[in-house]
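Whatever order the structure lists them in is the order used to number ligands and atoms, beginning at 1.
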Amino acid sequence: MHVVKNKTQDQVEVAKGGLLDRRRFLLSGATFLSVAGVSQIASQSHAKDFSKFPDHMLTPGFPSEDYGVPSEYENHVKRLPEEVYGSAIITAAFTPLDQLNGIITPAGLHFSVHHNGIPDIAPENHQFMIHGLVENALKWSVEDLLNYPMVSRFHFLECSGNSAPNIISDKPLDWTCGHIHGQISGSLWTGVPLKYLLDEAGIKPNGEWAMCEGADSANHVRNIPLKKLYDDAIIAFYQNGERIRPDQGYPMRLFCPGYEGNMSVKWLHRIEISDIPSQSKDEQSLYMDVTSDGRIRQYSYTMEVKSVITKPSGKQGLPESGLYEISGFAWSGRGKVNKVEVSADGGKTWANAHLEGPVMDKCMTRFTIPWQWDGKETVLVSRATDEFGNVQPTRADWVSRFARFSHGHNNSINSWHISPEGKVSNIYV
Ligand SMILES: Nc1nc2c(c(=O)[nH]1)N[C@H]1C(S)=C(S)[C@@H](COP(=O)(O)O)O[C@H]1N2
Ligand SMILES: [Mo]
């Protein structure tokens, strides 16, 4: 493999530490190195003798399965067990972000949080009800609802506790990107806009809040302003084209774009309209943030602008100095990502990464930038800005705003340390 070890005239540095101008550079025909632990396939194909037909070209292959599964050679790509809370009650599985690419998460690798297990609900036994401050209390079967007009939208879903390890632990934990940040996933969600059903029930003039309840044994309840349900919330039935998985709320879930994951109530079966929010156990015990001046912040719904580099990232390795593509994704619960800056010198100098389109509202956006690593110790950092000018804060900034034990809504800047040996590990800058 031809390896560019020294900068050529096509490699125009756009920030210190070897960040390169992408457009000029892509014309130069240089070869990117692969991050170890990500691309085992590449090394195998180099060893192959192309003068002979391989066996799989000489005998017929297998027939298709009724429902396809990933290649057996990708068996190592799995959801990661929750390691943060150590609780038997709140169970979670994380998305292995560093093993994936693009902006869509396969359903089987979507992160999952369930406070008392995943219920087994046959659709014919499930009903959905809207009652309270309405003209007509209504009940629907799943089949009824499947016949309503639906919309499809690409959105991220992120748990408010995502990236909590980087707050809870004083010292950066040497974990993978998925273990630290894997409580976010992206899907195409398809379902019925809630406004159709709310209008059918007819909201009384003093109706302002919706108490949304799941049919699981956690009896998960969140209070959501009616305005959000009218704006862009849907009852999702499909995820990436197929019916949502039991983990994600089969047969139906609420989906509130851009809001903390817990508001997207899974196994949704009841909405009660009221004039004030009810103080449910979930509101009271879990979903409040404590600020550094000792005040309680309630109803902090929106997931703020954030980004993370997935390649290279924690526990991966750079086999030698040379050219790499840095890749990651950014998102904002307020709208679109406007800019992602990357630094290869620990945040001293920054360059704009390339945003891979389409850049969508409240959706993950992939970013990339070429990087010539000189083999010296350094720190890679990414910082996202959304369309409203909100910028990801530093960890120090973030920590100064919240009480020591408050760790929800961590959207602070993430960094990866590169050792001279090419080992990549989590670090705080
Ligand atoms: N009914 C119900 N809905 C729920 C939960 C739950 O335990 N029960 N967990 C919430 C939390 S905390 C999150 S982060 C999201 C996770 O959605 P996912 O499992 O589809 O990723 O679901 C939310 N909806
Ligand atoms: Mo969550």
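In this structure, ligand 1 sits under 4.0 Å from heavy atoms belonging to His110, Phe111, Ser112, Val113, His114, His115, Leu157, Cys159, Gly214, Asp216, His220, Asp247, Gln248, Arg253, Gly261, Asn262, Ser264, Val265, Lys266, Trp267, Tyr287.
For the pair Arg253 and Trp267, the cation-pi criterion (under 6.0 Å, within 45° of the ring axis) is not fulfilled.
Residues in residues 196-235 take part in these ring-ring contact (aromatic ring centres under 6.0 Å, His included) pairs, two or more places apart or across chains: His115-His220, Trp209-Tyr299.
A salt bridge between Asp345 and Lys376 is absent, with no side-chain N of the basic residue lying under 4.0 Å from a carboxylate O of the acidic one. Using a 4.0 Å cut-off between charged nitrogen and carboxylate oxygen, Asp232 and Lys228 count as a salt-bridge pair.
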Name the atoms and distances for all side-chain donor-acceptor pairs under 3.5 Å in residues 118-131, with sequence neighbours left out.
from: His126; atom 1: NE2; to: Leu268; atom 2: O; distance (Å): 2.8
from: His131; atom 1: NE2; to: Arg270; atom 2: NH1; distance (Å): 2.9

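By the side-chain contact (heavy atoms from CB on, under 4.5 Å) test, Thr302 is found to be paired with Tyr259, Glu304, Arg334, residues two or more places apart in sequence or in another chain being considered.
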